[in-house]
Asker: 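Quick one: the structure is below, and I'll ask about it shortly.
Note that the structure is predicted; figures quoted are calculated from it, not measured. All heavy atoms count here, side chains included; hydrogens, waters and symmetry mates do not. In this chain, numbering begins with 1 at the start of the sequence shown.
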Amino acid sequence: MKREVGLLADDVEQTGTWLANAMEQAWDLAGALAAYPALADLLGERHRIIANDWQSAALQSLIARLLRRALDLLARVDFAPAALRADLRGARKAPAYLYSASELLDRAADLMVESATLVHDNERRWRVFRVRIRELQSA
């Protein structure tokens with residue numbers, strides 16, 4: 001499980017970095033679209049798409065941090081049955097670390113949903129924008 005969480009953290013971080021860089025470029029390109037009056041009414045839509053994706057990129061970076069911190073907490077727990085039994089008879093630190101790690105994993109999951117919601121919000125906006133571009137290209 002820890003290996004899978006680590007791989008997920010790596011993937012999410014790489015995706016967030018890539019998406020943030022892509023949105024940096026898209027922002028500059030979207031500004032240049034102001035030169036085309038036929039797109040003036042859709043510039044807000046295009047910038048909203050970029051803002052949503054940029055926010056999603058930031059969330060993905062935060063998700064990676066949360067996942068890695070959860071792994072740090074899990075590394076403090078000795079999962080050997082004898083060690084867990086001894087901890088339950090003594091200081092009971094393992095349950096506390098596990099609870100905190102689960103809170104971080106839970107928050108990461110919530111942020112993944114937020115990220116997906118932002119990207120989903122772009123679907124209609126992209127369709128509208130692409131239709132207008134196709135119309136202008138065929139004219």
Asker: Set out, in order, the CA-CA distance, both residues' side-chain angles and the distance that settles side-chain contact (heavy atoms from CB on, under 4.5 Å) for Leu59 and Leu118, then state yes or no.
Answerer: CA-CA 10 Å; Leu59 286 173; Leu118 287 165; 3.8 Å; yes

Asker: Hey, can you pull the donor-acceptor pairs under 3.5 Å for the side chains in residues 78-96, sequence neighbours left out?
Answerer:
residue, atom, partner, partner atom, Å
Asp78, OD1, Ala80, N, 3.0
Asp87, OD1, Arg92, N, 3.4
Asp87, OD1, Lys93, N, 2.9
Asp87, OD2, Lys93, N, 3.1
Asp87, OD2, Ala94, N, 2.8
Arg92, NH1, Leu88, O, 3.1

Asker: Rounded to the nearest 0.5 Å, how far does CG of Leu136 lie from CD1 of Ile133?
Answerer: 6.0 Å

Asker: Report, one line per pair, each donor and acceptor closer than 3.5 Å where one atom sits in a side chain of residues 18-42; sequence neighbours left out.
Answerer:
residue, atom, partner, partner atom, Å
Asn21, ND2, Thr17, O, 3.3
Asp41, OD1, Arg132, NH1, 2.7
Asp41, OD2, Arg132, NH2, 3.0

Asker: Are the side chains of Thr117 and Asp121 in contact, using a 4.5 Å heavy-atom criterion?
Answerer: no

Asker: Show your reasoning for whether side-chain contact (heavy atoms from CB on, under 4.5 Å) applies to Arg48 and Arg125.
Answerer: CA-CA 8 Å; Arg48 173 74 179 262; Arg125 296 173 200 289; 3.3 Å; yes

Asker: Do Tyr97 and Leu74 touch side chain to side chain, with heavy atoms closer than 4.5 Å?
Answerer: no

Asker: Is any side-chain heavy atom of Asp72 less than 4.5 Å from a side-chain heavy atom of Arg69?
Answerer: yes

Asker: Any side-chain heavy atom of Arg124 sitting closer than 4.5 Å to one from Glu45?
Answerer: yes

Asker: Checking Leu66 against Leu111 for the side-chain contact (heavy atoms from CB on, under 4.5 Å) test, could you report, in this order, the C-alpha distance in whole Å, the side-chain angles of both residues, the deciding distance, and whether it holds?
Answerer: CA-CA 10 Å; Leu66 289 167; Leu111 293 178; 3.7 Å; yes

Asker: If two hydrophobic side chains count as joined below 4.5 Å and joins carry through other members, does Leu104 share a cluster with Leu62?
Answerer: yes

Asker: Okay, side chain of His47, backbone of Leu43: is any donor-acceptor separation there less than 3.5 Å?
Answerer: yes

Asker: Which residues satisfy the side chain to side chain contact (heavy atoms under 4.5 Å, CB included) test with Leu105, sequence neighbours excluded?
Answerer: Val5, Leu67, Ala70

Asker: Are Leu71 and Met112 grouped together when hydrophobic residues (ILVMFWY) are joined by side-chain heavy atoms under 4.5 angstrom apart?
Answerer: yes

Asker: Hydrophobic clustering (ILVMFWY, side-chain heavy atoms < 4.5 Å, transitive) - are Met1 and Tyr99 grouped together?
Answerer: no

Asker: Take a 6.0 Å sphere around CZ of Arg65 and say whether it holds more than 12 heavy atoms from other residues, nucleotides or ligands.
Answerer: no

Asker: Would a 4.5 Å heavy-atom cut-off, applied to side chains only, mark Arg68 and Glu13 as touching?
Answerer: yes

